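Note sheet for the following structure.
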Amino acid sequence: MTVVIGLTGSIASGKSTVSEMFHTFNIPVVDADVISREVVNVGEPAYHKIVDAFGEEVLHEDKTIDRKSLGKIVFKNKEKRDLLNQIVHPEVRKEMLRQRDAYKAEQNSAVVLDIPLLFESKLAHYADLTLVVYVDEGTQLQRLMERDQSSMEDAEQRISSQIPVGEKAEMADAVIDNTGSVKESQEQLKSILEKWNIIN
Ligand SMILES: CC(C)(COP(=O)(O)OP(=O)(O)OC[C@H]1O[C@@H](n2cnc3c(N)ncnc32)[C@H](O)[C@@H]1O)[C@@H](O)C(=O)NCCC(=O)NCCS
Ligand SMILES: Nc1ncnc2c1ncn2[C@@H]1O[C@H](COP(=O)(O)OP(=O)(O)OP(=O)(O)O)[C@@H](O)[C@H]1O
């Protein structure tokens with residue numbers, strides 16, 4: 001049986017950092033962020049819907065989606081964010097489930113679904129077990145501003161568009177506290193996978 005692990009956290013809490021670690025255990029990862037970029041490539045159904053809904057001003061000159069400008073619109077306006085979600089999420093879900101089921105058919109011991117909005121979108125039932133990557137809010141803000149070279153205002157808007165990471169930690173089957181070093185987080189992941197009998 002393949003154990004399906006739902007990996008989540010909040011923006012810049014370290015999901016991608018932890019999801020990389022699964023490769024060292026030979027556990028495949030389905031990444032919702034990667035899929036959400038693929039389904040809006042030029043010519044895809046969701047691409048046309050975005051242009052219809054948000055206009056040509058969210059396109060680069062080469063007609064690809066200008067994610068920075070679309071982000072500026074949707075992270076400060078919940079209605080617009082909901083509209084974008086309604087366009088993109090159904091396509092992402094279809095592809096995520098397709099990949100999950102392909103990995104299950106290969107009889108992997110486990111597969112990870114890396115889904116930033118696992119709890120917001122009520123998708124925890126896609127997984128057998130949930131794992132939250134937690135950081136304290138000060139560290140989260142600092143890492144987000146540093147990584148994206150963003151202002152405090154932009155970073156705070158993005159953080160407040162999601163359920164606070166502390167609340168997500170309470171809903172999870174296991175939590176990695178990623179406030180410390182990457183190595184410490186890797187050790188926590190190893191212990192969790194041992195406890196879940198996914199590795200020895
Ligand atoms: C708004 C967009 C264009 C901004 O693109 P950008 O390249 O700047 O960010 P990226 O896609 O890498 O997302 C970074 C992080 O932002 C957060 N985030 C993204 N979309 C959302 C959203 N709709 N609501 C809350 N948080 C979000 C997630 O934590 C994600 O990991 C893009 O995030 C998008 O199309 N979002 C809608 C689809 C979505 O919900 N994706 C997230 C998981 S499926
Ligand atoms: N333990 C750590 N120590 C120091 N820096 C870290 C640590 N973990 C992650 N980072 C850094 O913090 C930033 C956010 O991490 P990461 O991109 O993994 O978060 P994320 O949860 O995947 O973000 P998003 O929701 O935007 O996809 C990155 O620049 C990353 O290099």
Side-chain angles (χ1 to χ4, degrees), residues 6-19 30-42 44-60 63-97 113-127 130-172 175 178-179:
L7 174 69
T8 194
S10 284
I11 185 158
S13 70
K15 291 176 302 297
S16 308
T17 305
V18 170
S19 101
V30 176
D31 186 329
D33 274 341
V34 169
I35 297 171
S36 78
R37 287 186 199 118
E38 290 168 355
V39 301
V40 301
N41 278 336
V42 179
E44 295 294 335
Y47 170 87
H48 294 295
K49 289 183 191 163
I50 289 173
V51 180
D52 286 347
F54 293 92
E56 300 251 338
E57 55 270 28
V58 298
L59 298 183
H60 288 296
K63 301 287 179 197
T64 55
I65 303 235
D66 178 348
R67 305 179 66 83
K68 272 228 157 1
S69 72
L70 187 52
K72 275 209 179 311
I73 298 171
V74 302
F75 287 115
K76 63 168 178 250
N77 182 322
K78 184 174 181 317
E79 272 174 30
K80 299 219 162 125
R81 192 162 66 245
D82 286 344
L83 177 61
L84 179 66
N85 290 347
Q86 277 163 27
I87 295 171
V88 179
H89 287 182
E91 304 292 334
V92 175
R93 284 179 198 165
K94 251 189 283 173
E95 178 57 18
M96 250 178 358
L97 293 180
L113 305 183
D114 176 351
I115 311 180
L117 305 177
L118 183 80
F119 291 118
E120 288 85 349
S121 300
K122 303 193 167 41
L123 301 180
H125 64 280
Y126 283 7
T130 56
L131 174 57
V132 162
V133 183
Y134 170 86
V135 283
D136 65 64
E137 286 181 12
T139 308
Q140 182 185 19
L141 183 63
Q142 195 188 343
R143 286 185 186 163
L144 179 57
M145 288 171 62
E146 227 168 81
R147 186 196 62 187
D148 291 357
Q149 293 297 302
S150 56
S151 66
M152 188 174 290
E153 193 193 359
D154 281 359
E156 281 175 340
Q157 270 172 359
R158 284 203 178 213
I159 289 172
S160 62
S161 71
Q162 300 186 352
I163 297 173
V165 67
E167 283 179 37
K168 292 186 183 181
E170 284 170 20
M171 295 188 251
V175 177
N178 186 40
T179 312

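These numbers come from a predicted model, not from an experiment.
Looking at residues two or more places apart in sequence or on another chain, you find a salt bridge (Lys or Arg N to Asp or Glu O under 4.0 Å) between Lys168 and Glu120. In this structure Glu57 satisfies the salt bridge (Lys or Arg N to Asp or Glu O under 4.0 Å) test with no other residue, sequence neighbours excluded. Remark: Glu167 pairs with Ile163, Pro164 by the side chain to side chain contact (heavy atoms under 4.5 Å, CB included) rule, at least two apart or across chains. By the side chain to side chain contact (heavy atoms under 4.5 Å, CB included) test, Ala155 pairs with Leu141, Leu144, Met145, Ser150, sequence neighbours left out. With sequence neighbours excluded, the residues that form a side chain to side chain contact (heavy atoms under 4.5 Å, CB included) with Glu153 are Ser151, Gln157.
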- request: Walk me through it: do Asp52 and Phe54 pass the test side chain to side chain contact (heavy atoms under 4.5 Å, CB included)?
  value: CA-CA 6 Å; Asp52 286 347; Phe54 293 92; over 6 Å; no
- prompt: side chain to side chain contact (heavy atoms under 4.5 Å, CB included) between Ile35 and Val30: does it pass, once the steps are laid out?
  reply: CA-CA 8 Å; Ile35 297 171; Val30 176; 3.9 Å; yes
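For Thr64 (side chain) and His60 (main-chain N/O), no donor-acceptor pair under 3.5 Å exists by modelled atom type. Looking at Gln162, its side chain never comes within 3.5 Å of a backbone N or O of Leu117 through a donor-acceptor pair.
In Glu137, the CD atom is not crowded: 12 or fewer heavy atoms of neighbouring residues, nucleotides or ligands sit closer than 6.0 Å. No more than 12 heavy-atom neighbours from other residues, nucleotides or ligands sit within 6.0 angstrom of CE on Met152.
With respect to Lys94 and Glu91, a salt bridge is recorded, a charged nitrogen being found less than 4.0 Å from a carboxylate O.
The side chain to side chain contact (heavy atoms under 4.5 Å, CB included) test with Arg93 singles out one residue from Leu123, Ile115, Val88, and that residue is Leu123. Partner of Leu84 under the side chain to side chain contact (heavy atoms under 4.5 Å, CB included) criterion, chosen from Ile73, Ile50, Val58: Ile50.
Taking OG of Ser10 as the reference point, atom CD1 of Ile159 lies at 8.0 Å (rounded to 0.5 Å). Going from atom CG of Asp136 over to atom OG1 of Thr179 covers 4.5 Å, rounded to the nearest 0.5 Å.
The stretch residues 66-80 participates, sequence neighbours left out, in these salt bridge (Lys or Arg N to Asp or Glu O under 4.0 Å) pairs: Lys72-Asp154, Lys78-Asp82.
In terms of heavy-atom proximity, Phe119 sits nearest to Ala124 at CE2-CB, 4.2 Å.
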